[in-house]
Amino acid sequence: QVQLVESGGGLVQAGGSLRLSCAASGRAFSRYVWGWFRQAPGKEREFVAGVSWSGGTTIYAGSVKGRFTISRDNAKNTVYLQMNSLKPEDTGVYYCAADGSRTYPSRGSMEYDYWGQGTQVTVSS
């Protein structure tokens, strides 16, 4: 069974840092694009960051660029999201996703084939 499991979420004060991890099992995802999305209360899910299967290309939402870093370790079948200088507006449920149809990441959630259950990130003022 293919499964993606996020971890590392929690409560942090504004200006703090947090690192999210997403571990995949059931198949190898070395040739898959990885993405991170988030959904704040009362809002639609939005793209946060994406990385190509090689790890050589990354893209970010404008709101997080310069603060967040996405990376992957194909040997561990894991993708990470390092979040620095966190703001209250970063609060939400963060989801990792994998896309096997493209070489480079997309900002569209419908392009991704597999999804994790999400991990809560709460940034206090």
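The chain is numbered in sequence order, starting from 1. What's counted below: heavy atoms across the whole structure, side chains too, no hydrogens, waters or symmetry copies.
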Taking atom [atom1] of [X] as the centre, does the number of heavy atoms from other residues, nucleotides or ligands within less than 6.0 Å exceed 12?
X: Gln120; atom1: CD; answer: yes
X: Arg31; atom1: CZ; answer: no
X: Glu44; atom1: CD; answer: no

Heavy-atom donor-acceptor pair, Tyr112 side chain to Ser106 backbone, under 3.5 Å: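 Between the backbone of Ser106 and the side chain of Tyr112 there is a qualifying donor-acceptor contact (under 3.5 Å).
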From [atom1] ([X]) to [atom2] ([Y]), nearest 0.5 Å:
X: Thr119; Y: Leu18; atom1: OG1; atom2: CG; value: 8.0 Å
X: Ile59; Y: Phe47; atom1: CD1; atom2: CZ; value: 3.5 Å
X: Ser125; Y: Lys87; atom1: OG; atom2: NZ; value: 12.5 Å
X: Arg19; Y: Met83; atom1: CZ; atom2: CE; value: 11.0 Å
X: Ser30; Y: Asp73; atom1: OG; atom2: CG; value: 11.5 Å
X: Glu6; Y: Leu81; atom1: CD; atom2: CG; value: 11.0 Å

Within the 4.5 Å heavy-atom criterion, are [X] and [Y] side-chain neighbours or not?
X: Val121; Y: Arg38; value: no
X: Tyr60; Y: Pro105; value: no
X: Trp34; Y: Leu4; value: yes

Which heavy atom in [X] sits nearest to a heavy atom in [Y], and how many Å separate them?
X: Thr103; Y: Ser52; result: O-CB, 3.3 Å
X: Ser109; Y: Trp115; result: O-CZ2, 3.2 Å
X: Ser17; Y: Asn84; result: OG-OD1, 2.9 Å

Which pairs, with at least one residue in residues 58-68 and sequence neighbours excluded, count as a salt bridge (Lys or Arg N to Asp or Glu O under 4.0 Å)?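 Only Arg67-Asp90 qualify under salt bridge (Lys or Arg N to Asp or Glu O under 4.0 Å).
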Taking Tyr32 as the fixed residue, which of Asp99, Val79, Asp113, Asn74 is the one that meets the side-chain contact (heavy atoms from CB on, under 4.5 Å) rule?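 Testing each of Asp99, Val79, Asp113, Asn74 against Tyr32, the sole residue satisfying side-chain contact (heavy atoms from CB on, under 4.5 Å) is Asp113.
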When you group the ILVMFWY residues by side-chain heavy-atom contacts below 4.5 Å and let the links chain together, are [Y] and [X] in the same group?
X: Val12; Y: Val48; value: yes
X: Phe29; Y: Tyr104; value: no
X: Tyr94; Y: Val123; value: yes
X: Tyr95; Y: Leu20; value: no
X: Trp36; Y: Val51; value: yes

For Phe68 and Thr58, run side chain to side chain contact (heavy atoms under 4.5 Å, CB included): C-alpha distance rounded to whole Å, both residues' side-chain angles, the deciding distance at 0.1 Å, then the answer. CA-CA 11 Å; Phe68 290 11; Thr58 57; over 6 Å; no
